[in-house]
Amino acid sequence: MSNYHIKNLEEYFKVYRKSIREPEEFWEEIAEEHFVWRKRWDNVLNWDFTKPEIKWFENAKLNITENCIDRHLRTKGDKTAILFEPNDPNEPAQHITYKRLADQVNKMANVLKDHGIQKGDRVCIYLPMIPELAYAVLACARIGAIHSVVFAGFSSTALATRIQDSDCKMVITSDGSYRGSKSIDLKGIVDEALKSCESVKSVLVAKRINSDIQMMDGRDKWLKPLMEAASGECEPEIMDAEDPLFILYTSGSTGMPKGMVHTTAGYMVYTAYTFKNVFQYREGDVYWCTADIGWITGHSYIVYGPLANGATTILFEGVPSYPDHGRFWEVIQKHKVTQFYTAPTAIRALAKEDISYVEKYDLSSLKVIGSVGEPINEEAWHWYDDNVGKKKCPIVDTWWQTETGGMLISPIPYVTPTIPTFATLPLPGVQPVLMDENGQEIKGNLAEGRLCIKFPWPSIARTIWGNHDRYKETYFSAYKNHYFTGDGARRDATGYYRITGRVDDVIIVSGHNLGTAPIEDAINEHNAVAESAIVGFPHDIKGNALYGFITLKESGETRNHDNLRKEINQLITEQIGPIAKLDKIQFTVGLPKTRSGKIMRRILRKIACNEMDSMGDISTLLNPEVVEQIKNERL
Ligand code: PRX
């Protein structure tokens with residue numbers, strides 16, 4: 001029992017040790033006590049990283065929606081499961097109880113069945129952040145269909161590629177979506193994508209913006225009347241522990257996006273366990289993760305993890321800047337949010353705005369604030385700590401990946417003392433190691449190297465859809481018998497981890513290994529700087545030199561830029577050393593970003609290296625227009 005909810009540091013170390021020494025016993029106890037199963041497992045874990053093959057809770061039978069919905073009905077039927085906060089603050093929020101969630105999910109599950117969807121079929125979900133998105137995900141899980149959620153900001157080409165790769169039979173979408181003051185014609189994007197997707201037999205359309213759209217006879221149907229006519233009862237499909245639950249695409253450094261496959265039981269156990277501990281979730285809390293369900297963060301920590309704990313999880317349709325930059329803080333006050341989980345890019349964007357946007361609202365309900373998606377720079381960490389957490393809420397800097405399914409390295413709030421920019425300690429069951437250039441594990445606490453994990457945790461992705469060889473090649477070939485994360489990390493004397501960034505972002509200058517994150521941290525400390533990204537470019541003497549792309553807080557900055565360049569290099573020299581000084585500094589109107597807010601260094605690298613003819617597809621960027629400007633002003 002005590003394994004499940006960690007309450008102090010001593011207990012963390014005890015639990016962690018047990019999870020390493022007796023991993024099977026550790027996870028078995030958690031699985032046994034906190035979930036409902038239709039049949040028990042024969043074997044807790046069977047694994048071989050050389051194949052690679054990983055099986056957790058072998059031969060167990062279950063349905064994840066019974067764990068996320070049905071079992072809460074008796075005691076929490078009238079509790080809010082999903083709290084929907086619309087894009088427009090004047091539209092009332094919706095409190096969707098566990099009872100209503102059950103009803104809606106079952107209805108949608110029956111509609112899917114009526115359209116020929118069966119266990120194992122792939123269903124593409126291309127929806128904005130509205131309740132139907134959560135219903136659709138859970139309805140698939142109810143009947144054993146494999147959902148493939150595609151973020152509804154992706155272009156028709158990106159959508160088509162993903163539908164084709166996994167041969168989806170159905171698409172669930174909406175007439176359109178709201179995004180701040182704009183609306184987007186989602187159905188038009190789907191229509192365009194489906195011109196090249198023969199596998200899709202039906203399209204279900206939710207009504208959100210009441211726009212006039214084309215419905216193709218025989219293929220497209222409005223969801224609402226179908227759901228109204230459907231039964232609210234639907235027997236859950238009994239799934240094997242290792243049956244795929246979903247596919248989620250993530251971009252690789254090259255080639256096609258990778259359809260990461262997550263399976264049922266291990267994913268459920270791990271996301272539920274980490275949700276409980278990393279957010280110190282208690283009954284009555286109101287939890288808000290601002291990610292989109294189109295990303296892994298939304299899958300694991302808006303839908304499955306919180307619902308498996310019977311929590312109230314906010315589903316937010318809007319953006320942080322609409323109707324003004326106070327929206328996040330207004331929502332926290334309005335719903336008395338207790339745990340708030342967002343991304344460094346959002347924090348940095350909001351930190352640029354007037355502080356009065358934050359100060360206007362009462363944030364005293366907050367107990368834990370979190371960060372995910374990229375290294376959080378020191379300045380943003382302090383801004384978040386000072387202005388949002390008011391120095392009273394621990395910041396959980398959670399490190400993980402689409403491939404890991406759940407958080408792997410993170411503080412446990414009120415348990416693990418935090419240090420800015422450190423993701424701190426591995427969660428129970430996670431065995432990180434740092435590898436040197438020769439593929440050897442670096443022993444001893446103080447170390448810097450490539451981050452690998454040497455033992456499976458329950459929610460590790462099991463394969464890449466349709467391409468197991470690529471899975472093996474990408475994650476299990478660089479270091480024998482280890483999962484390679486693609487990230488670099490530093491471990492301090494106490495064993496705390498600081499993620500230094502993708503190792504493909506490591507730049508070797510005059511033989512020195514430089515991580516981009518610490519240099520960007522230094523730059524960002526300059527009070528004129530809003531955001532920065534550095535990349536390497538070839539240099540005759542040093543091998544590589546550094547090129548900095550820097551956005552200023554005020555685009556109309558009148559200061560002499562040469563002085564500013566000197567000041568920035570001075571800061572870097574002070575914080576890292578002269579070796580990390582930038583050879584070129586280009587001030588830009590913005591940095592190219594993915595839809596999830598990550599800076600696309602790949603594109604900046606091409607510009608810096610003057611390889612602008614081979615930039616690749618930039619259509620899926622959030623702001624493709626800045627690329628042209630940066631190219632034109634290249635130094
Ligand atoms: O480089 C790490 C960075 O994001 C990568 C994973 O991206 P994605 O699959 O899109 O998943 C993001 C949401 C889990 C990692 O390889 N990353 C994620 N969280 C952190 C981070 N880097 C530093 N600190 C973090 N907390």
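Whatever order the structure lists ligands and atoms in, that order sets their numbers, starting from 1.
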**Report entry** Thr297 and ligand 1 - part of the residue with a heavy-atom distance under 4.0 Å
**Finding:** side chain
Query raised in the report: Any idea which part of Ile376 is under 4.0 Å from ligand 1, heavy-atom wise: side chain, backbone, both or neither?
Result: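 The answer is neither; Ile376 stays 4.0 Å or more away.
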Closest non-hydrogen protein atom to [atom], residue and atom name please, with distance?
| atom | result |
| --- | --- |
| atom 1 (O) of ligand 1 | Asp487 OD1, 2.7 Å |
| atom 24 (N) of ligand 1 | Glu374 O, 3.4 Å |
| atom 23 (C) of ligand 1 | Pro375 N, 3.1 Å |
| atom 6 (C) of ligand 1 | Trp400 O, 3.6 Å |

Counting from 1, what ligand 1 atoms have a heavy atom of [X] closer than 4.0 Å?
| X | value |
| --- | --- |
| Thr402 | 8 (P), 9 (O), 10 (O), 11 (O) |
| Asp397 | 24 (N), 25 (C), 26 (N) |
| Thr398 | 19 (N), 20 (C), 25 (C), 26 (N) |
| Val372 | 13 (C), 14 (C) |

Could you tell me if the ring centre of [X] sits under 6.0 Å from that of [Y]?
| X | Y | answer |
| --- | --- | --- |
| Phe455 | Trp457 | no |
| Trp288 | Tyr301 | no |
| Phe279 | Tyr341 | yes |

**Report entry** Exam field: side chain His299 to backbone Ile293, donor-acceptor pair closer than 3.5 Å
**Finding:**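 Yes; judged by distance alone, with no hydrogens or angles, the pair exists.
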Query raised in the report: So do the side chains of Ile146 and Val261 get within less than 4.5 Å of each other, counting heavy atoms only?
Result: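 Sidechains of Val261 and Ile146: no contact.
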**Report entry** Heavy-atom side-chain proximity of Ile296 to Phe246 below 4.5 angstrom
**Finding:**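 Contact flag for Ile296/Phe246 side chains = yes.
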Query - Close approach, Gly373 and ligand 1, non-hydrogen under 4.0 angstrom - result: yes
Requested in this report: Mark the output for Lys598 as yes if a heavy-atom distance to ligand 1 is under 4.0 Å, and as no if none is.
Outcome: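 Per 4.0 Å heavy-atom rule, Lys598 contacts ligand 1.
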Query raised in the report: Can Arg490 be said to sit on top of Tyr497's aromatic six-ring, NZ or CZ under 6.0 Å from centre and within 45° of the ring axis?
Result: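 Arg490 over Tyr497 ring: no.
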Requested in this report: Can you see which heavy atom on Gly449 is nearest to which on Ile442, and at what distance?
Outcome: CA-CD1, 4.3 Å
